[in-house]
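Have a look at the structure below, then the notes.
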Amino acid sequence: MARPFDVTQVESKWQERWLTEGTYQVDNDDPRERFYALCMYPYPSGAAHQGHVRNYTFGDLLVRYQTMLGKAVLSPLGFDSFGLPAENAAIKAGSHPRIFTDERMKELKNSIHRLGAVYDWRREVFSHNPEYMKWAQTIFIEFYKNGLAYRANAPVNWCPGCATVLANEQVNADGTCDRSGDLVERKNLEQWFFKITDYAEELLNDIDTLEWPERVKTMQRNWIGRSEGVEFELALASNSSKGLRVFTTRPDTGFGVTYAVVAPEHPLLGELTTDDQRANVQALVERANAASELERTASSDAGAGLDKRGAFTGSYVINPFNNEQVPVYVADYVLGTYGTGAIMAVPAEDERDFAFAKVHGLPIVRTIETPADFEDGAYSGDGLHINSGFMDGMDVETAKKAAAKFLEEKASGLVKVNYRLRDWLVSRQRFWGCPIPIIYCDKCGMLPVPAEQLPVVAPDDVNMDKSGQSPLATHEGFRNTTCHNCGGPARREADTMDTFTDSSWYFLRFADPFSTGKPFDAEQVKKWMPVDQYIGGIEHAILHLLYARFYVKALVDVGIAPGLPREPFKRLFTQGMIRLDGSKMSKSKGNLIAPEKYYDRVGADGLRLFHLFVGPPADDVDWTEQTEDVIEGCARFIDRIVRLSQYDEVNFHDTFDDTDLAVKQAVHRTIVRVTSDLERWSYNTAVAALMELLNTVSKQARSDHGAHRETLDDSLNIMLKLLAPMAPHITAELWEQRLPGEKSVHLQSWPVADPALTVEETVVMVVQINGKVKSRVNVAPSVSEADAQSAALSDPETISALGGATPKRIVCVPPRLVNIII
RNA sequence: GCCCGGAUGGCGGAACGGCAGACGCGGAGGACUCAAAAUCCUCUACUUGAAAGGGUGUGUGGGUUCGAAUCCCACUCCGGGCACCA
């Protein structure tokens with residue numbers, strides 16, 4: 001493809017200039033209105049792929065557009081540089097993850113640079129930078145001191161492939177590891193947790209204040225999983241001073257309780273089990289322990305619940321509603337980690353209880369009248385209560401309140417809210433992460449590492465082989481230390497922090513990486529936060545976006561970020577994925593399309609235009625054979641602009657005439673269109689509008705009649721400004737060629753349309769007969785209803801189409817249409 | 001099973017109750033050229049018709065409306081999330 005300019009030369013020239021002239025550096029005391037534009041900082045996996053290109057194209061467009069609007073735009077970038085892939089690659093290559101990571105960072109940075117995306121690199125943050133680690137550890141210690149970080153023995157998700165524990169959020173719905181795909185095992189281990197559950201309510205409520213895609217908000221709401229109910233006591237039949245606490249969201253169905261169930265992990269199970277049932281119970285518990293989390297909690301195609309496995313404990317409890325004895329079972333469909341680990345079972349109104357009751361031959365008592373067409377099974381809808389004593393005749397909502405009151409008085413009942421959200425497990429038994437800054441002293445116990453000893457950095461000569469324990473634990477030099485409190489021997493914590501802790505506050509550090517002696521200066525950060533526009537992939541809908549929200553709230557509360565807004569990301573945009581042959585492009589799948597070949601052929605500008613033009617930014621993109629042609633088409637558009645702005649085959653005339661006015665109007669209407677399209681994330685139509693404008697301008701200028709020189713120049717200059725955020729290199733180059741000595745197109749103000757040029761003098765009004773278009777007439781945009789009607793009825797084509805019929809009714813919507821009903 | 005999102009020419013998509021298919025890709029024809037590439041111009045939903053013109057058409061079926069791709073109801077298919085959370 002022969003191009004009218006040297007792409008590589010032009011693009012590298014401008015990339016150098018933006019960098020060396022610090023065009024997009026911005027200071028914290030900048031007096032202009034502020035805008036914080038942020039793309040999720042990447043994991044450095046090597047050269048950029050099309051997903052990165054898409055992400056940074058959108059981000060860069062925003063940075064340049066907001067700058068032209070006159071704002072001080074904060075545009076930082078960094079790297080989420082701790083993580084498993086580097087560690088695994090280093091083990092394989094016999095290298096060190098830092099060497100590996102530094103190389104990948106360099107590659108990625110280079111290919112982002114070649115895209116022409118501009119950042120204030122003075123603010124770069126990367127996780128394995130000791131300075132960043134120091135503050136990450138400081139934050140951990142502050143969380144610890146404020147009771148937000150704690151150590152506990154708990155059943156945790158263990159991934160054998162990654163040889164580490166995982167957070168709940170990193171386990172897929174089918175029980176496999178989000179990263180390696182291995183089946184996750186359940187283990188009891190001492191681990192570190194962050195108390196995200198303290199913030200469950202706030203995290204849930206604040207979702208309403210966010211300008212985020214509904215989809216993401218719904219996913220977070222579901223993940224937090226709030227449910228309101230009553231916790232109360234079922235007294236043991238054998239000893240009424242003791243009770244089994246259960247949680248239910250349906251206290252109104254209490255009269256239908258025909259048994260109770262405890263989880264296999266329930267602390268009271270031993271006591272509840274009678275001697276004659278012990279063998280059965282033992283077998284059930286053993287089977288539940290052996291079963292993977294997958295078998296226990298996941299489901300088959302038949303929906304929730306496999307076979308309802310359980311065993312009778314031999315004990316009975318008293319249902320407080322009717323004082324009847326009901327048997328207590330142990331079953332693995334009840335989870336030890338949710339609610340109280342025990343439930344009251346109401347088979348008539350709960351599907352799972354129903355299935356269990358059927359299998360074990362337990363009675364089913366309906367407490368809600370089922371609708372006439374209801375067949376069989378559990379009925380969970382609304383209806384009037386029956387068989388329910390004082391609740392008979394009440395609807396579900398009313399009965400819930402009555403039952404709660406009853407349980408508060410009679411059964412130590414407590415109205416309670418439970419969340420599906422669990423505390424965030426943050427310790428990892430891996431090497432390439434930020435070490436947890438804690439020591440264990442035999443005399444003084446568990447102590448945070450003092451500030452002056454931070455950061456705790458791992459030594460280089462550690463054996464990282466997967467042995468199931470933390471690599472750092474095997475390094476005696478690291479492990480053994482001295483207690484700063486008593487001077488005696490102590491051991492360091494050998495686990496590292498989840499890398500999601502690093503990505504939970506990097507955006508705060510970006511806003512102020514300059515202050516010394518603290519993670520950041522809250523006063524400085526306050527100038528930029530919250531992020532005005534956050535851009536990233538939908539895959540972070542739960543994990544990163546929930547953790548970061550928690551971090552910011554916690555940082556404010558522990559006093560590291562006083563006065564900061566409690567929500568970090570005001571607006572979020574999630575871009576679509578790029579798919580090749582139906583599956584997501586990713587390094588692990590090995591189906592990447594490198595941008596490099598496009599940089600040489602069509603330029604970063606061509607590739608950027610393609611990503612903007614191919615479809616709505618939020619939609620997925622299918623990379624097909626046609627894609628190559630569309631990319632060529634985008635480069636062709638650039639070439640046409642180059643040729644036109646160099647007056648190639650252009651004719652001129654001397655005086656401004658109607659054809660020039662029409663062009664001028666088209667230009668100003670395009671300003672309106674492009675501006676509104678950029679504001680509403682409709683980049684594909686913004687590019688289309690510019691293509692249309694080029695067609696219009698070029699057609700006139702290259703006709704025999706030609707263009708008025710001054711009008712053409714104005715048109716071209718405005719077009720270059722509108723295109724500048726999308727194709728920054730060529731627009732900067734052409735601007736410089738056309739207007740030498742002027743400041744760069746990127747420092748120009750965004751064009752404003754002249755209202756006098758955007759109004760239409762006449763518009764085409766459609767004339768319909770019975771809703772079908774029969775004719776078109778020209779009318780003034782301000783035409784009255786009466787004039788519109790008479791214009792339609794006197795139109796010859798309409799008269800002939802009517803064929804003498806008398807209109808029954810005429811609908812007038814001036815100036816758009818007249819619809820004649822006959 | 002529950003909750004979201006989607007379905008428009010050969011293809012990507014446009015149209016925020018008012019001319020369906022902007023813009024681009026592909027395709028056809030033409031100009032330029034010794035020729036090709038590049039570039040430029042014209043046409044391009046389907047169908048019927050020699051043409052003028054007519055008919056049909058936004059996943060399917062209903063509804064609201066003078067008027068529906070757009071709003072409502074039911075369904076089909078595709079994509080995503082959640083899923084024994086009491």
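Residue numbers start from 1 in every chain, and the chains themselves are labelled A, B, ... in the order their sequence lines are given, proteins ahead of strands.
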Worksheet, complete the sentence: Whole-Å distance, Ile769(A) CD1 to G54(B) P, equals 11 Å
Worksheet entry | Whole-Å P distance, U48(B) and G61(B) | 22 Å
Worksheet item: Can you check whether Arg636(A) has a side-chain N or O nearer than 4.0 Å to OP1 or OP2 of C25(B)?
Response: yes
Worksheet, complete the sentence: Considering only heavy side-chain atoms of Tyr333(A), the closest of G24(B), G13(B), C84(B) is C84(B)
Worksheet entry | Interatomic distance at P, G18(B) relative to C72(B), whole Å | 15 Å
Worksheet item: Between Phe613(A) (CZ) and C23(B) (C1'), how many Å, whole number?
Response: 5 Å
Discussion item. Both distances below 3.5 Å, Watson-Crick or wobble geometry, any strand: find the nucleotide opposite G1(B).
Written reply: C82(B)
Worksheet entry | Pair Tyr379(A), Glu351(A): side-chain N/O donor-acceptor within cut-off below 3.5 Å | no
Worksheet item: Does C40(B) have a Watson-Crick or wobble partner in any strand here, with both distances under 3.5 angstrom, and which is it?
Response: G30(B)
Worksheet item: Can you find a donor-acceptor N/O pair under 3.5 angstrom joining the side chain of Arg215(A) to the base of C4(B)?
Response: no
Discussion item. Under a 3.5 Å cutoff, is there a donor and acceptor pairing between the side chains of His611(A) and Gln50(A)?
Written reply: yes
Item to complete: Pick base, sugar-phosphate or nothing for Leu817(A), based on heavy-atom distances below 4.0 Å to the nucleic acid.
Response: base
Item to complete: Using whole Å, report how far NE2 of His611(A) lies from P of G24(B).
Response: 20 Å
Worksheet item: Would one find a side-chain N or O of Arg420(A) under 4.0 angstrom from OP1 or OP2 of A83(B)?
Response: yes
Worksheet item: Is the base of G9(B) syn or anti, where syn means the angle lies within 90° of 0?
Response: syn
Discussion item. Considering every strand and a 4.0 Å limit on heavy-atom distances, what is the contact class for Glu692(A): base, sugar-phosphate, or nothing?
Written reply: sugar-phosphate
Discussion item. What is the distance, to the nearest angstrom, from the NZ atom on Lys808(A) to the P atom on U65(B)?
Written reply: 15 Å
Worksheet item: Does Asn695(A) make a side-chain N or O approach to OP1 or OP2 of G24(B) shorter than 4.0 Å?
Response: yes
Worksheet item: Contact class for Gln768(A) (heavy atom, under 4.0 Å): base, sugar-phosphate, or nothing?
Response: base
Worksheet item: Under 4.0 Å between a side-chain N/O of Asn684(A) and OP1 or OP2 of G12(B), yes or no?
Response: no
Fill in: Within 45° cone and under 6.0 Å: Arg579(A) NZ/CZ vs Trp623(A) ring
no
Item to complete: Using the P atom on both, measure C11(B) against G1(B) and round to a whole Å.
Response: 32 Å
Discussion item. Let's test this: given Watson-Crick or G-U wobble pairing with both distances under 3.5 Å, identify the partner of U56(B).
Written reply: A45(B)
Practice prompt. May I ask you to evaluate whether Tyr338(A) reaches the phosphate of A86(B), defined as a side-chain N or O under 4.0 Å from OP1 or OP2?
Written response: yes
Worksheet item: Looking only at atom P, what distance separates U60(B) and A68(B), rounded to whole Å?
Response: 15 Å
Worksheet item: If the C1' atom of C43(B) is compared with that of C73(B), how far apart are they to the nearest Å?
Response: 43 Å
Worksheet item: In terms of side-chain heavy atoms, does Asn819(A) have a donor or acceptor partner in Arg809(A) at a distance below 3.5 Å?
Response: no
Worksheet item: Taking the side chain of Val813(A) as its heavy atoms from C-beta onward, which of G18(B), C82(B), C23(B) lies nearest to it?
Response: G18(B)
Worksheet item: If you measure only the distance, is there a donor-acceptor pair under 3.5 Å linking the side chains of Thr253(A) and Glu349(A)?
Response: no
Discussion item. Measuring from the side chain of Phe247(A) (C-beta onward, heavy atoms only), which nucleotide among C23(B), A86(B), C40(B) has the closest atom?
Written reply: A86(B)
Worksheet, complete the sentence: Winner on side-chain proximity to Gln626(A), out of G12(B), A86(B), C19(B), is G12(B)
Worksheet item: Which nucleotide, A86(B), C82(B), C16(B), lies nearest any side-chain atom of Ser227(A)?
Response: A86(B)
Discussion item. Under 4.0 Å, counting only non-hydrogen atoms across every strand here, what does Gly633(A) touch: a base, just sugar-phosphate, or nothing?
Written reply: sugar-phosphate
Worksheet entry | Phe613(A) ring center within less than 6.0 Å of Tyr683(A) ring center | no
Worksheet item: For C23(B), which nucleotide in any strand shown is its Watson-Crick or wobble partner with both distances under 3.5 Å?
Response: G12(B)
Worksheet entry | Gap between atoms CZ and P, on Arg643(A) and U39(B) respectively (whole Å) | 6 Å
Fill in: Inter-nucleotide C1' distance (C66(B), C82(B)), Å rounded
45 Å
Item to complete: Considering only atom C1', compute the distance from C32(B) to A69(B) and round it to an integer number of Å.
Response: 43 Å
Worksheet entry | Toward the 5' end of RNA chain B, by each residue's nearest nucleotide, Asp629(A) or Thr248(A) | Asp629(A)
Worksheet item: Does a side chain donor of either Arg422(A) or Thr337(A) reach within less than 3.5 Å of an acceptor in the other side chain?
Response: yes
Practice prompt. Determine the Euclidean distance between corresponding C1' atoms of G55(B) and G62(B); express it in Å to zero decimal places.
Written response: 24 Å
Fill in: Interatomic distance where CG belongs to Asp648(A) and P belongs to C32(B) [whole Å]
18 Å
Worksheet, complete the sentence: Comparing nearest nucleotides in RNA chain B, the 5'-proximal residue of the pair Met219(A), Ile343(A) is Met219(A)
Worksheet entry | Ile542(A) side chain, from C-beta outward: closest of C84(B), G81(B), C19(B) | G81(B)
Response to the item:
Pairing partner of A7(B), by Watson-Crick or G-U wobble and under 3.5 Å for both distances, is U76(B)
Worksheet item: Within this structure, what is the CG-to-P distance between Leu609(A) and C25(B), rounded to whole angstrom?
Response: 13 Å
Worksheet item: Would you say U42(B) has OP1 or OP2 under 4.0 Å from some side-chain N or O of Lys699(A)?
Response: yes
Worksheet item: Under 3.5 Å, is there a donor-acceptor pair between the Ser227(A) and Asn418(A) side chains?
Response: no
Worksheet item: Ring centroid separation for Phe356(A) and Tyr259(A), is it under 6.0 angstrom?
Response: yes
Response to the item:
Separation of A14(B) atom P from Arg673(A) atom CZ, nearest Å, is 13 Å
